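Just so it is clear, the structure is predicted and the values come from calculations on it, not from any experiment.
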Amino acid sequence: MHPLLILVLVIIGISVAISIGSNISTKRRRLQSLGANFGKPPEDDGSLHIESAARYDQHIQAHEPTEQWVDSITWNDLDMDKVFARINACQSSVGEEYLYHILHQLPLNSEALDKRENLIHFFNANPDIRLSVQGLLANRLGKENFNGLTALMFAPSSKLLKHRHIYTALALLPFAMGLVIILHLSIGILGVLASFVINMFVHYKTKQHIAVELPTIKYLTSMLRCCKALTKNKKLEGLPFMDEINKYYQNLKSIRRNIPGSTSMGGDMAESFLEYFNIMFLSDIRNYNKFIRIIKKHHQEFHAMYRAVGEIDVSISVLSFRHSLPVYSQPVFQSAAAMELTDIYHPLIADPVTNSAKIDNDSLLTGSNASGKSTFIKALAINGILAQTINTCAAASFKTRFSLVMTSMVVRDDLSAGDSYFIVEIKSLRRILEQVRKFPCTCYIDEILRGTNTIERIAASASVLEYLHKEDALCIAASHDIELTRILAEQYDNYHFRETVTDEGVHFNYKINNGPSTTRNAIKLLQFMDFPMEIVAQAEGLAEEIYNA
């Protein structure tokens, strides 16, 4: 063998070895990183794109609408995008999108939660298998924002190229011209050349449309490879959702043979010949339409496989979330419209103050600003959602019932709709009043009807809260209006948060206490913040007159 050829072969061998070694090293480092980061709050590396993560949920709500959902007002009131990001340790976009979806979905039964919990329990008991599955999801599937899979699942017909019969006819044209050669050589040759030119124009014109879908096709191919690897892992046999993956992968694996390929001019002779062949007979274009038709035919299996992969990724993410919390518990569900909680806290607060309570009736929370009312009811609402979606609570214990969680908290003027603060507020409350007539609900209202004058606010607030008390709802409302505690004394229990004002400042312990608030510290705060004593004295005098009136 020529020495130069031997040198070339050695260089090629070394290059291949380096490439393989680098790939193995990258995967090993990724596994080490996954192991080190498990059970820690996810780091913000800039890869999370909420709009992309929300695509699957948006398609579900458009195609399978239901009212038993965490609506957009509740989601925004509770900063659930941040809660989602705090939980999200998924290694694939499929898992990320599915997690975002299930946090909106209130199943109102335990069947889905039990199945999900069995998978979480398995991965908790088998950390080595959990790590290998994480690595598989990260390496075989990974994350691709706006990957287009959901649009392909729910609207495959929109991806089809129109006039497919024309493409078939154009593909047959060179054959027809080849037959003409037998009858008339020159006309046949001209016909073949003409058909090649026509098909070349059609090929490159149509490929511009296909190119838009190539990232989606590529990501689908990655998902199929991931499913194939999952089905080959014998240690996962019999687990929840693995039967679905195995069954539907077998139905869909033939898709890979019909995925439109791509070649490039300027390669070797075989590549060039293949490119000319594709152009002459429009192979890629016809394969693309065939690929989309197969997806359309099997879109239900495709969707089921997508959900199953999502469940596996989500279960590991939830397990990591649990391990990252200072304390967590699985909820206990009951039929009564009540809650019993021990050491509950807000999962987004780094060093939270915990609270315990037994709330078995509609309740009013009173107290001054910054005393902890809003944080407490947000902690209750968020944990009510997490309990029903991922079977996990940021509490030592949490007993509740399956119910639709609804809030009216962070109200803002809607300038685009021309609605004032008060109009937006009553629209927010109206949607709650509509839903409590249909489903068991748990409602959280912060500073009810604050957008109007005191007399009408108290009168209307009392009427709304009394109406909710008559429905199948557990209502927890926070208010500064102490008058409500007297008006609704027969219907609502009372709790309060308090603060201590001293010469050194204002001190909050953020602990819930029984009974209505009895402190009046707002005017004392004016003095503490160095308001002129003339204002403070006059305010105290006016307050006494009003309270004694």
Side-chain angles (χ1 to χ4, degrees), residues 53-81 83-84 87 97-117 150 153-154 240-241 300 303-304 306-308 310-311 314-315 318 330-339 359 362 377-393 398-410 427-445 467-476:
R55 286 296 173 90
Y56 175 71
D57 186 67
Q58 290 166 356
H59 278 282
I60 285 287
Q61 293 196 44
H63 290 82
E64 302 172 15
T66 175
E67 292 183 277
Q68 296 177 346
W69 218 260
V70 178
D71 68 12
S72 59
I73 292 177
T74 300
W75 186 270
N76 292 328
D77 280 349
L78 299 176
D79 289 321
M80 286 298 293
D81 278 346
V83 176
F84 160 70
I87 299 169
E97 294 165 11
Y98 197 69
L99 174 61
Y100 190 90
H101 161 66
I102 66 172
L103 288 175
H104 283 80
Q105 186 182 33
L106 297 179
L108 307 186
N109 64 73
S110 59
E111 184 179 349
L113 291 180
D114 291 342
K115 191 173 182 181
R116 197 169 289 150
E117 188 59 40
T150 55
M153 270 190 291
F154 290 99
F241 308 105
Q300 290 183 336
H303 191 183
Y306 175 98
R307 288 196 302 263
E311 286 281 3
V314 165
S315 68
V318 171
Q330 293 172 221
V332 175
F333 293 102
Q334 60 187 6
S335 58
M339 285 189 291
I359 303 173
D362 297 325
I377 62 175
K378 284 183 179 181
L380 291 181
I382 290 170
N383 277 287
I385 292 172
L386 299 186
Q388 296 180 76
T389 55
I390 61 171
N391 207 38
T392 304
C393 298
F398 189 74
K399 184 183 288 187
T400 186
R401 72 165 177 169
F402 287 106
S403 63
L404 183 61
V405 176
M406 301 197 76
T407 67
S408 181
M409 296 180 181
V410 188
K427 283 183 176 180
S428 177
L429 288 172
R430 185 181 63 189
R431 84 189 209 286
I432 295 178
L433 299 180
E434 290 170 351
Q435 293 296 76
V436 295
R437 294 195 293 264
K438 303 174 185 176
F439 311 108
C441 290
T442 305
C443 314
Y444 301 92
I445 304 173
Y467 179 91
L468 289 172
H469 180 72
K470 296 174 183 177
E471 298 294 332
D472 187 12
L474 181 65
C475 179
I476 301 172

Side chain to side chain contact (heavy atoms under 4.5 Å, CB included) partners for [X], two or more places apart:
X      : value
Gln58  : Ala54, Arg55
Asp81  : Ile50, Trp75, Tyr100
Gln435 : Glu67, Leu404, Met406, Lys438, Phe439, Cys441
Glu111 : Asn109

- [ ] Could you list the residues that satisfy ring-ring contact (aromatic ring centres under 6.0 Å, His included) with Phe154, not counting sequence neighbours?
- [x]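 ring-ring contact (aromatic ring centres under 6.0 Å, His included) list for Phe154, sorted by chain: His59, His63, His303.
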
Which heavy atom in [X] sits nearest to a heavy atom in [Y], and how many Å separate them?
X      : Y      : value
Trp69  : Ile60  : CH2-CG2, 3.7 Å
Cys443 : Ile432 : SG-CG2, 3.6 Å
Arg401 : Ser335 : CD-O, 3.9 Å
Ser403 : Leu106 : O-CD1, 3.6 Å

TODO: Mark yes or no for whether Gln388, through its side chain, and Gly384, through its backbone, hold a donor-acceptor pair below 3.5 Å.
DONE: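 Side chain of Gln388 to backbone of Gly384: a pair is present.
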
Task: Asp362 side-chain N/O to Cys475 backbone N/O, donor-acceptor pair under 3.5 Å - done: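 The answer is yes, because a donor-acceptor pair under 3.5 Å joins these two groups.
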
Can you tell me how far [atom2] of [Y] sits from [atom1] of [X], rounded to the nearest 0.5 angstrom?
X      : Y      : atom1 : atom2 : value
Tyr56  : Arg307 : OH    : CZ    : 5.5 Å
Thr407 : Ile382 : OG1   : CD1   : 10.0 Å
Ser110 : Glu117 : OG    : CD    : 11.5 Å
Ile476 : Ile359 : CD1   : CD1   : 4.0 Å
Thr66  : Gln61  : OG1   : CD    : 9.0 Å

Open item on the list: Could you tell me if Asp71 and Thr74 have a donor-acceptor pair between their side chains, going purely by distance under 3.5 Å?
Closed with: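 Looking only at side-chain atoms, Asp71 and Thr74 do form a donor-acceptor pair, the distance falling under 3.5 Å.
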
- [ ] Would you check, one step at a time, whether the test side chain to side chain contact (heavy atoms under 4.5 Å, CB included) holds for Ile102 with Ile390?
- [x] CA-CA 8 Å; Ile102 66 172; Ile390 61 171; 4.1 Å; yes

Task: Test applied, side chain to side chain contact (heavy atoms under 4.5 Å, CB included); reference residue, Val314; option that passes from Thr389, Leu103, Ile87, Leu99 - done: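 Running side chain to side chain contact (heavy atoms under 4.5 Å, CB included) over Thr389, Leu103, Ile87, Leu99 with Val314 returns exactly one hit, Leu99.
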
Task: Side-chain touch Phe402/Leu113, heavy atoms, less than 4.5 angstrom - done: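 Phe402 vs Leu113: side chains touch.
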
Task: pair Phe398-Val332: side-chain heavy atoms closer than 4.5 Å - done: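 No - every pair of side-chain heavy atoms lies 4.5 Å or more apart.
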
- [ ] Determine, stepwise, if the pair Val83 / Leu78 fulfils side chain to side chain contact (heavy atoms under 4.5 Å, CB included).
- [x] CA-CA 8 Å; Val83 176; Leu78 299 176; 6.0 Å; no

TODO: Give the intermediate values and the outcome of side chain to side chain contact (heavy atoms under 4.5 Å, CB included) for residues Leu380 and Thr442.
DONE: CA-CA 10 Å; Leu380 291 181; Thr442 305; over 6 Å; no

Open item on the list: Applying side chain to side chain donor-acceptor pair (under 3.5 Å), can you list everything that pairs with Thr392, at least two apart in sequence or on another chain?
Closed with: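 Thr392 satisfies side chain to side chain donor-acceptor pair (under 3.5 Å) with Arg322 once adjacent residues are dropped.
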
Task: Gln334 atom CD: more than 12 heavy-atom contacts under 6.0 Å - done: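 It does: Gln334 CD has more than 12 such atoms within range.
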
Task: Sidechain N-carboxylate O distance under 4.0 Å for Arg116, Glu311 - done: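 Here Arg116 pairs with Glu311 in a salt bridge, since their nearest N and O are under 4.0 Å apart.
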
Task: Charged tip of Lys378 within 45° of Tyr444 ring normal and under 6.0 Å - done: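 Checked: cation-pi criterion not met.
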
